[in-house]
Amino acid sequence: MPYVSTEQPALTGGGYAARAVGLTKVYGSGESEVHALAGINMDIASREFTAVMGPSGSGKSTLMHCLAALDTATSGAVLIGDADLALLNDKALTALRRDQVGFVFQSYNLVPTLTAQENILLPLSIAGRKPDQEWYDTVIDTVGLRDRLGHRPNELSGGQQQRVACARALVSRPSIVFADEPTGNLDSTSGAEVLGFLRRSVSEFGQTIVMVTHDPIGAAYTDRVVFLADGRVVDELRQPTAETVLERMASIQTAAIAAADARLGH
Amino acid sequence: MLRVTLRNLLARKLRLLLSAFAIILGVAFVGGTLVFTDTLAKAFDGIVDGSVPDGYVRPVGSTADDSGGFGTDGRTIPASVVTELEQVTGVARADGTVEGIGLFIVDREGKLVGGRGAPTLAFNYNDAPSMTGEPSVTIPVGTEPEGAGEVVLDERTADAAGYDIGDAVSMVAAGPQPRIEAELVGIAEFGGGGLAGASLVFFDTPTAQGIFLDGEDVFDSIGLTAEPGVSQQQLVDAATAVLPEGVEAVTGDQSAEETEDIVSTALGFLSTFLLIFAAISLVVGTFLIINTFSILVAQRSRELALLRAMGASRRQVTRSVLAEATAVGFVGSTLGLVLGFGLAVGLRALFGYFGLDLSGTPLQFELRTALVCYVVGMTVTVVAAYLPARRASRISPVAAMRDDVALPESSVRRRTLVGAVLAAAGTSLMLVGLFTSVDYTAYLVGGGVLTVLIAVALMSPVLGRPVLRGLGVAYGRVFGTVGVLATQNALRNPRRTAATASALMIGLALVSTMAVLGASINKSIEVAVQEEFTTDYLLSSPTFTNFSTTISDDVRDLDGVDEVSQAQSLPIDIDGTGAFVTAADPDELLAVYELRDTSGSLNVGDGQVALSEDAAQERGVTTGDAVTLTFPSGDQEAEVAGTYETSQVVGNALLPFSTLEAAQVQRQDSTVSVNAAEGVSQSELGAQLDEVVADLPTVTVQNQEDFTDAQRASVNQLLFLIYALLGLAIVIAVLGVVNTLALSVIERTREVGLLRAVGLSRRQLRRMVRLEAVAIAVLGGVLGVAMGLVFGVVLQRSVADDGVTDLAIPVGQLAIVVAVAAVLGVLAAVLPARRAARLNVLRAITTE
């Protein structure tokens, strides 16, 4: 398992798009203490499409929030590029989110009062930058929304809204895009469109994407799947297919049940 | 970012309007006041410029304010001076002027024209021009007055009284002829434009001298008109050379300036008075805006978190909320300005109703008014939105990923602590202002009251809890589950409920304060009247003008009277400090009233004065000392003959009539006190007295009861005026309740849908919203009344030495305040409740 290291790595980017080093996240204290992340080491390679999978409560969302500089870890380090997030103040974090990170949310999170086009250009307008026209056209054509640009979110279908959200994440050319169950609210056809689009942006434009998902079919679009359970990385898979992902999930489940049985003294 | 802000605004027009409403009303109040007072000033400037001649000759020291209420400076200039002035080089003409004060026109129904409002000014007619070169007065209709039986009125007065040319005009005067009748022969037109409701009356010179100057051939002043090419100063210099001692000449400009100074001081009081209420409205509006923006920020927190997640800095988020506030402020100020103009029209109509007719002057809209309105409106909005904006910037970006977004809020405990500190600071400010002799008392007290109110607003989430809990118990008993739900809704966000209630609290606190103060004043009057009003009947003027001394002669001639005491009251300076003094025959006065002497004798003779204890103490003098009495005609020395316990009947000092004569003050009476002779019942005497003054509407006959009622009526009138002005602040606060409820209903759409889905009827739902509104409003009412009680008691204590000796707490009125608050709550809930009831159940549940 070359990407899961037990040694303490040096705190440099090492050419990775993002790294988590000994990452822990504890909620609550004392009796009610919950270790959402229990020491995660993980490297995200550039120009790769990585899926993070695991059962509910395995810590995948927390991991992503920490990797994406939305949340702070209890201990350990997160690096995006060469930047150690723990060393950045709020201003620098804001700038980092603005310039280096893109998001796609499960519930789209479009601004309801803005048109599709205005939503797509929102990160650039926040940063006060002009869009690169050529790249903008490429993104719009790739998501296939050119004829819907003047519409408000409530005039778009769920799939269209999520494609707008994807375009929004890509248009500022961030070094890494985080997608939190992007197809969770979509029917399978729309889901496939969105996943296809994410896949193409990795293959054709060299975008780095990290996606949290429940869906083995969705995971099959990626280059690599990292499995989480109880706040730890427990397994990983390269060039996944829906079948191999399912298989791994089943075995992780079995192991978890066995462990639980053992704890209960069976 | 700006686009997000603007889109947000446009997408929520109703919300924008609601939050702008507070600004609109507050700014309208400011704008209306400024436009109206500018118009007043313009009207008076026109009057002054249209009536003042190039040069003005007058007794030394008499100034324009003599034409005001008390105009009793009896000094005159002999007619020979006019003839001499006419010979002076540079003088085109010199016109002796009789300035008659205390004359009133009686209309066909026997009522006074003008009444308490604008004055009636009587003159001898001449066609002399004013500074503007135009004649002050022309008579376009009819002829000039000639001889004792003829009079000319201005058109408005003639119309108002119902007199046409040829009719006999009835008048009453304060001089030796109390009743005058003359034929209306002409209608005068004033050259200076509108008269602000003043009535003009013209006689020929001998007639005017007969009425106002005892028939001597003398004048009150002389108007000078310069030859062409002679400046005002040259005119005055030339005239001064021939003037006898005690008479001075001033330029028209100086005379106009003196008058305008007096007018602008009076207008300054009016505009300050009105602006105070505008400020109260704006403070209440500030609460509304803080609340609205807090709720808007809470509802948009997910969107704001998204912006943060996408790299918007804290400052950008703050700025976007502030930009929204700026836009709201701009829109609100603009609409407020427009509404303010309408308010000025209304104010003009209202003042017209009370006799100050400004219809001849167009409303004055100055650039300054617009500037002030925009600056005030936008500053208030932005300042009020600052706290919510800062809170918005603290939303964590990760909130964009969560379903339940909770806004970071400062702890209630810290708020309460800050509130307690502020309350202490405000209270000490207030106490220092009220009970120590420092400058800027009004600012200290006002600032203290405001600080305490804000402190209570801060603490209200805690202070309000027992009130809401108590209400909750009652609600649960009476309304069952719906009542419980309503209470929980009100308690769910204590800060929001408390802030909304606080806005209402401010208005109601001030109303309660005034109620306590008003009741105390009324009670004190009652007590004082009972103690001091020892006469059977008092003749006085409801317009606080004097009347002819012949009336007391008539009264003395009646069969049923025993003791009679006539008195003339006037303001003068004693040792340089203002005082309100009474001149009377001390024997007569002491026969009717029980003045308690504390030293010396109150039987003041020529060159003597008796002072009230307070007045003596204030000036550091005692019996035997000399004091200086300053009249318009100059100073007089007087010896303090004695001191008496402070009395409302006499005021600060008692003088003999001889002092007034020496000071050349025109002898008129302010009051005549009458006791019935033995064997004559009070009512018999009353009937006799009524007959004496039957055709004199300037004089009323009152016994103790009538007098108390009249005093109380004037106190109550002022109270109601203040209540009306505070009404605007309360309207704004009620809008705040509407706003909070409407936004809460939107926020709880899903929950409302759920309640409906499990079987809550529309009616029950409406009731739930209504009960929540009543809870908020009653909280505001209870806090307001509590604060009002405190302020009222403190204020009463602080003015106890100024005559408000007795504290009265109008329990009934205060209960009404709380009841009114509850009714306001019901009214405020109408729209939000309807909106909640109309929600489509299915859509409400599936709403995000």
Side-chain angles (χ1 to χ4, degrees), chain A residues 25 60-62 64-72 89-115 117-129 152-154 165 168-169 171-172 174 177-181 184-185 212, chain B residues 1-16 296-297 299-321 323-324 327 390-406 408 746-747 749-750 843 846-848:
Chain A
K25 177 78 181 175
K60 24 180 219 309
S61 285
T62 309
M64 201 185 72
H65 294 164
C66 290
L67 283 176
L70 289 175
D71 209 348
T72 50
N89 61 15
D90 182 70
K91 213 167 159 189
L93 278 177
T94 299
L96 181 112
R97 277 198 298 270
R98 193 176 67 204
D99 301 329
Q100 314 254 1
V101 180
F103 293 103
V104 179
F105 304 94
Q106 180 176 357
S107 48
Y108 329 136
N109 271 3
L110 300 180
V111 178
T113 48
L114 298 182
T115 64
Q117 178 171 23
E118 287 162 348
N119 264 293
I120 292 170
L121 293 175
L122 186 58
L124 290 174
S125 83
I126 287 175
R129 281 192 282 152
R152 297 273 168 87
N154 61 3
R168 181 177 66 187
V171 77
S172 59
V177 169
F178 293 95
D180 187 4
E181 303 206 31
N185 283 357
V212 167
Chain B
M1 279 305 274
L2 193 62
R3 189 176 289 150
V4 181
T5 307
L6 292 178
R7 283 294 162 76
N8 256 312
L9 277 170
L10 292 177
R12 299 172 174 91
K13 288 191 201 71
L14 183 70
R15 241 180 256 182
L16 165 70
L296 290 184
V297 164
Q299 289 181 351
R300 278 178 54 207
S301 51
R302 201 184 166 122
E303 186 179 309
L304 294 171
L306 173 74
L307 293 176
R308 288 279 285 139
M310 290 194 312
S313 65
R314 283 186 186 197
R315 203 187 304 160
Q316 276 175 310
V317 171
T318 307
R319 245 189 285 154
S320 92
V321 176
E324 194 168 330
R390 244 191 45 173
R391 198 173 319 142
S393 76
R394 286 206 294 263
I395 294 170
S396 133
V398 78
M401 311 279 200
R402 296 207 182 113
D403 279 339
D404 53 331
V405 180
I746 294 171
E747 201 171 50
T749 299
R750 207 174 170 145
R843 209 176 307 149
T846 51
T847 254
E848 271 275 335

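Quick note on labels: first sequence line is chain A, next is B, and so on, each numbered from 1. Predicted, not measured: the structure shown is a model, and the values here were computed from it.
How far OG1 of A:T94 is from CE of B:M310: 13.0 Å, rounded to the nearest 0.5 Å. Atoms CG and CG, on B:L306 and A:N119 in that order, are 8.0 Å from each other to the nearest 0.5 Å.
Top candidate by heavy-atom pairs under 4.5 Å with chain B, chosen from A:Q106, A:R168, A:K91, is A:R168.
Contact between B:A309 and A:F103 at its shortest, heavy atoms only, is O-CE1, 2.9 Å. Smallest separation of non-hydrogen atoms from A:P112 and B:E303: CD-OE1, 3.7 Å. Minimum heavy-atom separation, A:S107 to B:R302: OG-NH2, 2.9 Å.
Within the 4.5 Å cutoff, the side chain of A:H65 has no heavy atoms near those of the B:S396 side chain. Counting only heavy atoms from C-beta outward, the side chains of A:L122 and B:L307 approach each other to under 4.5 Å.
For B:R390, the CZ atom is loosely surrounded, since the number of other residues' heavy atoms within 6.0 Å does not exceed 12.
Heavy-atom distances place the side chain of A:D90, and not its backbone, under 4.5 Å from chain B.
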